[in-house]
Amino acid sequence: MSESRSQLWAGRFDGGPAEALQQLNDSLPFDRRMFAQDIQGSWAHVTMLAEVGILSDEERSQIHDALNEVEREMATGVFETQAGDEDIHTAVERRVTELAPEAGGKIHTGRSRNDQVATDLRLWTKRELHELAQLVITFQETLLRRAEDVGDAYLPAYTHLQQAQPVTLAHHLLAHCWALARDVERLVQTLDRVDVSPLGAGALAGSSLPLQPERTAALLGFAKVFDNSMDAVSDRDFVAEALFDMSLLGVHLSRIGEELILWSSTEFGFVSLDDAFSTGSSMMPQKKNPDIAELARGKAGRLIGHLTGFLTTLKGLPLTYNKDLQEDKEPLFDACDTIRLTLLALDGMVGSLTFNTDTMAMQADNPFAAATDLAEFLVNKGMPFRSAHHVVGALVRSALAGEGSLPALVAASPELGPEAAKLMEPGASMRNRTTRGGGGPAATALELDRFRSVLTAAKQGLS
Ligand code: ARG
């Protein structure tokens with residue numbers, strides 16, 4: 001037990017806290033990251049308190065000056081913490097009170113750390129998700145640039161990881177862009193629910209003092225103000241939602257990573273990685289490894305872990321604030337750091353790799369990949385699709401049995417013939433796919449236009 005009690009709540013206690021309690025309880029090591037938001041929140045609270053006559057103008061400016069000084073100390077790293085500084089809120093208030101002893105004692109009027117921490121975390125999350133959405137857009141721009149630069153290059157697309165039908169490389173890259181567009185949309189929608197001020201809810205029930213929660217909300221740039229003081233201090237839906245958004249974004253990056261791992265293998269040979277974004281082996285001199293892509297895949301597991309962990313924390317909590325809620329910050333902070341780094345590294349990797357379009361085309365021109373086109377050729381002549389499927393399937397079986405090449409068998413087939421065999425010429429099958437959102441070059445050109453508009457709108461929405 002420590003000798004003297006420096007905690008804010010020491011008045012009611014006889015002895016000091018046990019060492020183990022203090023270590024378990026303290027959140028300053030990780031929540032000091034919200035110091036700017038804590039100071040911002042206090043600034044607004046004090047401004048409002050002066051406006052409603054609870055503080056004099058003199059007291060308000062003394063506290064504002066002290067807050068400025070604390071911000072400077074924190075930002076420059078000279079802030080000295082003390083044993084009783086449980087969390088960022090305690091540390092800031094303690095220092096403000098040292099700097100402005102009389103006025104500082106009034107800073108916490110009508111406020112609890114319960115509404116304070118929720119305010120700080122919402123301010124922090126708002127800024128972070130906004131920046132994250134912008135980073136996703138930057139990555140989409142890289143994918144778009146690569147899609148524009150590869151022109152009509154094409155490759156086999158896969159189902160069950162078996163070659164299925166050829167598509168333009170741009171179409172394949174855009175498929176990932178659309179998934180990322182939904183991530184941006186989701187982040188923006190989440191931001192809407194983050195953008196609610198809980199300040200003024202007090203510990204859980206509001207206040208007998210003439211506080212103006214609408215005023216602090218406006219001063220802090222929140223779009224809305226809480227409707228229920230109990231919900232305001234216990235709601236961490238915004239953290240769970242942000243963790244979900246980042247998990248799904250992480251899953252999308254993981255799937256891109258998985259493809260890059262396959263594509264950079266000797267067996268596929270579809271891409272060559274830039275030296276700056278790949279690693280070597282300590283033993284095997286020939287190796288060039290796609291570590292970034294593997295980490296993108298690996299980090300998704302960590303993000304999903306944060307989401308499930310935090311939902312589990314929330315599920316048993318009665319209203320209103322419980323200390324379990326302090327467990328919101330570490331997963332959120334780590335998820336934000338993780339997804340940021342992953343995005344940046346993957347962006348560099350995709351931006352710098354080389355597409356081996358000859359290898360892609362060679363694989364895509366495998367005559368078997370045109371089998372669906374052959375069946376559709378027969379459909380155009382009036383044959384029911386099921387019968388057409390059967391006719392082409394029989395030819396594929398003969399080719400596989402060594403009775404001739406598929407093009408030769410098709411040319412000799414009474415139903416198909418030489419005209420149909422042309423569908424197996426290089427690139428022909430891919431060019432034939434013309435329907436909206438399909439994989440041919442004409443459809444891809446229209447898709448590129450649509451995607452550019454979506455991206456421009458998303459960028460405008462964020463600025
Ligand atoms: N450090 C706490 C947290 O992160 C702040 C709120 C403390 N509230 C309380 N009633 N002890 O949740």
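Order of listing sets the numbers, starting from 1, for every ligand and every atom in it.
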- prompt: For His252, what residues pass the ring pair (Phe, Tyr, Trp, His ring centres under 6.0 Å) criterion, not counting sequence neighbours?
  reply: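 His252 satisfies ring pair (Phe, Tyr, Trp, His ring centres under 6.0 Å) with no other residue.
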
message: Does the plane of the ring in Phe451 sit parallel, tilted or perpendicular to the ring in Trp178? Use 30° and 60° as the thresholds.
response: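 Rings of Phe451 and Trp178: perpendicular, as their planes differ by over 60°.
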
query: Does the distance from a Lys or Arg side-chain N to an Asp or Glu carboxylate O, for Asp237 and Arg193, drop under 4.0 Å?
result: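 The answer is no: the pair does not qualify as a salt bridge.
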
field: Sequence neighbours excluded, every pair satisfying salt bridge (Lys or Arg N to Asp or Glu O under 4.0 Å) that has a member inside residues 150-171
entry: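 The answer is none; no pair qualifies.
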
field: Listed once per pair and sorted, the salt bridge (Lys or Arg N to Asp or Glu O under 4.0 Å) pairs that draw on residues 252-269, sequence neighbours left out
entry: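 Non-adjacent pairs meeting salt bridge (Lys or Arg N to Asp or Glu O under 4.0 Å): Glu258-Arg297.
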
message: Counting C-beta onward and ignoring hydrogens, is there a side-chain heavy-atom pair between Glu131 and Arg340 closer than 4.5 Å?
response: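 Result yes, sub-4.5 Å side-chain heavy-atom pair found.
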
With the criterion set at N/O pairs under 3.5 Å, what does the list of contacts between the protein and ligand 1 look like, atom names and distances included?
unit_1   : atom_1 : unit_2 : atom_2 : d
ligand 1 : 1 (N)  : Ser27  : OG     : 3.1
ligand 1 : 1 (N)  : Asp87  : OD2    : 3.0
ligand 1 : 1 (N)  : Gln326 : OE1    : 2.7
ligand 1 : 4 (O)  : Lys329 : NZ     : 2.7
ligand 1 : 8 (N)  : Asn114 : OD1    : 2.9
ligand 1 : 10 (N) : Asn114 : OD1    : 3.0
ligand 1 : 12 (O) : Tyr321 : OH     : 2.5

